[in-house]
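Okay, so here's the structure we're looking at.
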Amino acid sequence: MADKFVENSEEDNSVTMLDVLQEESQLEEDAYAVLGASDDRNCTYNKGYIRQALYACKTCCSQKNIRAGVCLACSFHCHEGHELVELYTKRNFRCDCGNSKFGNKECNLEKSKSTINIENMYNQNFDGVYCTCARPYPDLENENNDEMLQCIICEDWYHSKHLGSKDVPGDDSYEEVICAGCMKKHDFLWRYATKYSTMQNTISSDNGEEILNVENLPNGCTMPSKNLSDVAGSCFWLEGWRTSLCSCESCKKMYKEQDILFLLDLKDSVQAYEEAGKITKHESQYEKGMKALASLDHVQQLTAIEEYNNLKERLKEYLQKFAENKKVVREEDIKEFFSEMESKKRPKVVVPTYCR
């Protein structure tokens, strides 16, 4: 298409229909990455313990010390209208919906469930708080919400300023993060950090001593021998660093004892999970939208983008009031906004469904 379908080229706030659809496409790709191959109709319980997108229901589990996670489908069909906490993804987790943690409330999708999932692991995220500061996200009491990064071992999320590191490298320079607490707990990982982290060039020889481990040589152990001292904080790992982990029997035994054997599983990484999610997606809204645009004439395309810009500006003004008053936007508020928009819509305006 030669035309850009701009409402008014003189206005900075105008956008092209292609911009609208490309933005929608990016949002969809991000959603597919997070949700992976999640099914929004069927509970994941029968798949066992898997990495999946999870939600904690504060409505059903409001009591202290009761932590539980539900799958995507159950968040829709069993907890609609409830106060849900989005947990992103957790490894080795089985859907809790309807088990003993939910009292008499049964799962609407899968009735035959164990009373408890003994292998599930829970952290403070299930209470709706994160980081060493144990604050919610977004934090309405903090106007400067800091970027948050997830530790691949404990799977908690940390503000970059609370990672215990002086400098946080750029996103493109590392693949995964292990928080300061987990690095202290599994301190042997600092040996690998000398070669496979962003700190490889900043850890001087003064910080460690090369120790010749004769016993390890016959056993085929490839763990770096540098013994570090006085090194602390979080560690940012280079791409492919997990392939460098030694898999000799002695190291495997240590991983198992420290409950981090999953580090040897390359499919365990969030990156692998996200890539799998992108592959399973169906025809995108972008693709559907481009087909819809092709069926419209030039006037209809101009009208559609005009309506979109109108919707964008009114929604921005509407949400600004919540931001100024530091109020949470509820589902009812959004429904009210679109209800008012519908009542004020001009008659006989052609707006493609895919671009609303």
Side-chain angles (χ1 to χ4, degrees), residues 26-58 61 67-79 82-97 99 101 107 109-110 117-131 136-138 147-160 163 171 174-179 181-182 234 236-237 239-242 259-281:
Q26 183 59 53
L27 290 173
E28 277 193 325
E29 185 172 338
D30 293 343
Y32 280 122
V34 174
L35 298 178
S38 298
D39 187 341
D40 61 0
R41 296 183 179 181
N42 299 293
C43 177
T44 59
Y45 180 81
N46 291 326
K47 294 183 179 180
Y49 293 89
I50 59 174
R51 177 178 285 284
Q52 60 179 305
L54 291 173
Y55 303 82
C57 183
K58 299 183 73 173
C61 299
R67 292 172 173 174
V70 303
C71 68
L72 175 66
C74 286
S75 73
F76 291 147
H77 300 281
C78 306
H79 302 273
H82 292 190
E83 184 180 358
L84 296 174
V85 176
E86 185 175 5
L87 300 172
Y88 193 54
T89 76
K90 301 291 183 185
R91 68 167 57 86
N92 196 39
F93 200 97
R94 199 171 197 179
C95 181
D96 282 323
C97 182
N99 67 16
K101 296 190 174 187
C107 175
L109 301 177
E110 181 59 54
N117 295 315
I118 58 176
E119 294 184 32
N120 282 357
M121 300 293 290
Y122 308 90
N123 61 16
Q124 65 173 354
N125 298 168
F126 289 80
D127 301 327
V129 294
Y130 309 84
C131 192
Y137 187 87
E147 176 188 20
M148 298 195 80
L149 302 174
Q150 186 182 36
C151 170
I152 64 167
I153 292 183
C154 67
E155 296 191 296
D156 200 350
W157 292 80
Y158 297 87
H159 295 102
S160 57
L163 282 169
D171 292 345
Y174 66 94
E175 181 179 48
E176 296 180 313
V177 182
I178 297 181
C179 71
C182 287
S234 299
F236 299 83
W237 298 92
E239 183 177 356
W241 77 277
R242 293 199 194 197
D259 200 24
I260 55 173
L261 191 59
F262 56 81
L263 288 179
L264 294 181
D265 181 5
L266 299 184
K267 293 182 180 180
D268 169 82
S269 70
V270 173
Q271 182 180 10
Y273 172 88
E274 291 182 344
E275 290 303 318
K278 293 176 183 178
I279 293 174
T280 59
K281 70 177 183 179

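Starting from 1, each residue takes its place in the sequence as its number. The basis for the numbers below is simple: all heavy atoms, side chains too, and nothing from hydrogens, waters or symmetry mates. Source: prediction; values computed, not measured.
Side-chain contact between C97 and H79 is present, with at least one heavy-atom pair separated by less than 4.5 Å. With a 4.5 Å cut-off on side-chain heavy atoms, Y55 and F76 do not count as touching. In this structure, D268 and L263 have side chains that are not in contact, with every pair of non-hydrogen atoms separated by 4.5 Å or more.
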Between C74 and L109, is the side-chain contact (heavy atoms from CB on, under 4.5 Å) condition met? List the steps. CA-CA 7 Å; C74 286; L109 301 177; 4.3 Å; yes
Going through the checks in order, is the side-chain contact (heavy atoms from CB on, under 4.5 Å) test met by F93 and T44? CA-CA 10 Å; F93 200 97; T44 59; over 6 Å; no
List the steps and the verdict of side-chain contact (heavy atoms from CB on, under 4.5 Å) for R242 and E176. CA-CA 10 Å; R242 293 199 194 197; E176 296 180 313; 3.0 Å; yes
Take E175 and W241 through the side chain to side chain donor-acceptor pair (under 3.5 Å) test and state the conclusion after the steps. CA-CA 8 Å; E175 181 179 48; W241 77 277; 4.7 Å; no
Given the rule in the side chain to side chain donor-acceptor pair (under 3.5 Å) test, do N99 and Y45 qualify, once you have shown the distances and angles that lead to the verdict? CA-CA 11 Å; N99 67 16; Y45 180 81; over 6 Å; no
Would you sort out whether Q150 and Y88 count as a side-chain contact (heavy atoms from CB on, under 4.5 Å), showing the intermediate values? CA-CA 10 Å; Q150 186 182 36; Y88 193 54; 3.8 Å; yes
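Atom CE of M121 sits in a sparse spot, with 12 or fewer heavy atoms from other residues, nucleotides or ligands closer than 6.0 Å. Heavy-atom neighbours of D259 CG from other residues, nucleotides or ligands within 6.0 Å: at or below the threshold of 12.
Rounded to the nearest 0.5 Å, atoms CG (L72) and CG (L54) are 10.0 Å apart. Separation of atoms SG (C95) and NZ (K47) is listed at 11.5 Å; rounding is to 0.5 Å. Going from atom CD of E119 over to atom CZ of R94 covers 8.5 Å, rounded to the nearest 0.5 Å. Note that CD of E155 is 6.0 Å distant from OG1 of T89, once rounded to the nearest 0.5 Å.
At least one donor-acceptor pair under 3.5 Å links the side chain of S269 to the backbone N or O of A272. Put simply, the side chain of N42 never gets that close to the backbone of A73: no donor and acceptor are under 3.5 Å apart. One N or O on the side chain of Q124 and one on the backbone of C131 form a donor-acceptor pair closer than 3.5 Å. Between the side chain of N125 and the backbone N or O of Y130 there is no donor-acceptor pair closer than 3.5 Å. Between the side chain of R51 and the backbone N or O of V270, no donor-acceptor pair lies under 3.5 Å. Put simply, the side chain of S234 gets close to the backbone of L163: a donor and an acceptor are under 3.5 Å apart. The backbone N or O of C61 lies less than 3.5 Å from no partner atom in the side chain of R67, so there is not a single donor-acceptor pair.
In terms of heavy-atom proximity, C151 sits nearest to I178 at SG-CA, 3.8 Å. V85 and K58 get closest at one heavy-atom pair: CG2-CD, 3.4 Å. What you find for L87 and W157 is that their closest heavy atoms are O-NE1, 4.4 Å. Nearest heavy-atom pair, F262 versus I152, reported as atom, atom and distance to 0.1 Å: CE1-O, 3.8 Å. Considering all non-hydrogen atoms of both residues, C154 and Y158 come closest at SG-OH, 3.3 Å. When all heavy atoms of C71 and C43 are compared, the closest pair comes out as SG-CA, 3.8 Å.
In this structure, K101 fails the cation-pi test against F126, since its NZ or CZ atom is not both closer than 6.0 Å to the six-membered ring centre and inside 45 degrees of the ring normal.
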